[in-house]
Amino acid sequence: MINPHLPPPNRHGLLITFEGGEAAGKTTQSELLALHLEAGGWQVLRLREPGGTPLGEQVRHLLLQRETQLTPEAELMLFLAARAELVRRVILPALTDGAVVICDRFSDSTYAYQGFGRGLDLDEVRRLDAFATGGLVPDLTVLLDLPVELSRRRLGSDTDAFEREADAFHERVREGYIALAGENPERWLVLDATLEAQTLANLIVERVQAKASQSSSN
Ligand code: T5A
């Protein structure tokens with residue numbers, strides 16, 4: 001995608017994102033992938049969204065620990081403000097350095113949760129997100145797909161504002177992810193998150209290796 005807001009990125013690294021509903025196993029898998037790549041000598045940076053910068057961590061606290069309702073529009077803008085900081089201050093410099101950046105959630109979370117989940121206009125969400133990211137799109141996105149009922153079972157008792165949303169909200173998010181992945185199968189790897197963690201890790205490594213050799217031959 002053309003990048004109107006940033007200098008031309010001299011990108012050598014890879015941006016890999018993990019997506020899915022609550023407790024789908026994103027943290028577990030991003031950790032396993034990072035360990036595997038580091039053992040192979042890659043420079044790896046693991047991040048989560050929202051987070052990864054002082055503003056991002058504050059936005060995380062504000063949104064996840066909120067006690068009062070926010071309008072969907074305000075919620076969207078907060079996620080995007082955190083992402084704009086993360087992309088410019090952390091992700092792009094790391095990619096320029098040749099690192100593999102592994103991010104637990106990115107733009108697709110916004111499309112799934114604020115677009116499909118909250119019902120905000122998806123084209124508008126995409127337009128605003130592209131402004132926040134300067135058009136940065138992941139090289140690979142792993143979707144860990146987990147039925148809502150099983151996600152509830154994995155959650156502990158200490159839930160955040162999104163985990164307390166009704167099942168209907170989480171069903172819309174899940175269906176949204178499937179629709180997003182269907183738009184661009186080249187970028188997405190869709191996995192059944194009920195599989196055993198190591199089985200999932202092996203499937204992810206296989207796809208990452210294919211992506212890495214494809215990028216180095218380009
Ligand atoms: N959000 C975020 C938006 O609405 N819009 C946005 O733009 C963005 C960026 C972030 C919230 O913000 C929302 C979405 C989210 O609701 P979060 O804390 O990052 O909040 O929430 P999660 O992403 O859901 O993170 P979690 O840590 O809760 O879940 P993970 O990382 O998906 O799962 P993980 O690895 O911690 O595992 C959860 C449990 O399952 C077990 C683990 O041991 C753990 O107990 N597990 C498995 N069990 C069986 N089989 C497997 N294969 C397993 N893998 C893990």
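Positions are given from 1, in the same order as the sequence printed here. Order of listing sets the numbers, starting from 1, for every ligand and every atom in it.
For atom 45 (O) of ligand 1, the nearest protein heavy atom is 4.0 Å or more away.
Heavy atoms of Gly51 stay at 4.0 angstrom or farther from ligand 1. No heavy atom of Gly20 sits closer than 4.0 Å to any atom of ligand 1. For the pair Arg83 and ligand 1, a heavy-atom separation below 4.0 Å is found.
Per-residue contacts place Leu200 under 4.0 angstrom from the following atoms of ligand 1 (heavy atoms of the residue considered): 52 (N). Within ligand 1, the atoms closer than 4.0 Å to a non-hydrogen atom of Leu195 are 50 (N), 51 (C), 52 (N), numbered from 1 in the order shown.
Between Arg127 and Glu124 there is a salt bridge, with a side-chain nitrogen of the basic residue lying less than 4.0 Å from a carboxylate oxygen of the acidic one. A salt bridge does not link Glu165 to Arg152: none of the charged side-chain nitrogens sits closer than 4.0 Å to a carboxylate oxygen.
Between the side chain of Arg88 and the main chain of Pro93, no donor-acceptor pair closer than 3.5 Å is present.
For atom 50 (N) of ligand 1, the candidate residues are Glu19, Glu196, Arg154; the nearest heavy-atom contact is made by Arg154. Summarising the contacts of atom 19 (O) of ligand 1 with Arg153, Arg60, Arg164, Glu31, the nearest heavy atom is found in Arg60.
Annotation: side chain to side chain donor-acceptor pair (under 3.5 Å) contacts of Thr141 (sequence neighbours excluded): Thr17, Arg187.
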Could you list the donor-acceptor pairs under 3.5 angstrom formed between side-chain atoms of residues 54-61 and any protein atom two or more places apart in sequence or on another chain?
from  : atom 1 : to    : atom 2 : distance (Å)
Glu57 : OE1    : Arg48 : NH2    : 2.9
Glu57 : OE2    : Gly52 : N      : 3.1
Arg60 : NH1    : Pro50 : O      : 2.9

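Contact annotation: for Ser107 versus ligand 1, there are no heavy atoms closer than 4.0 Å.
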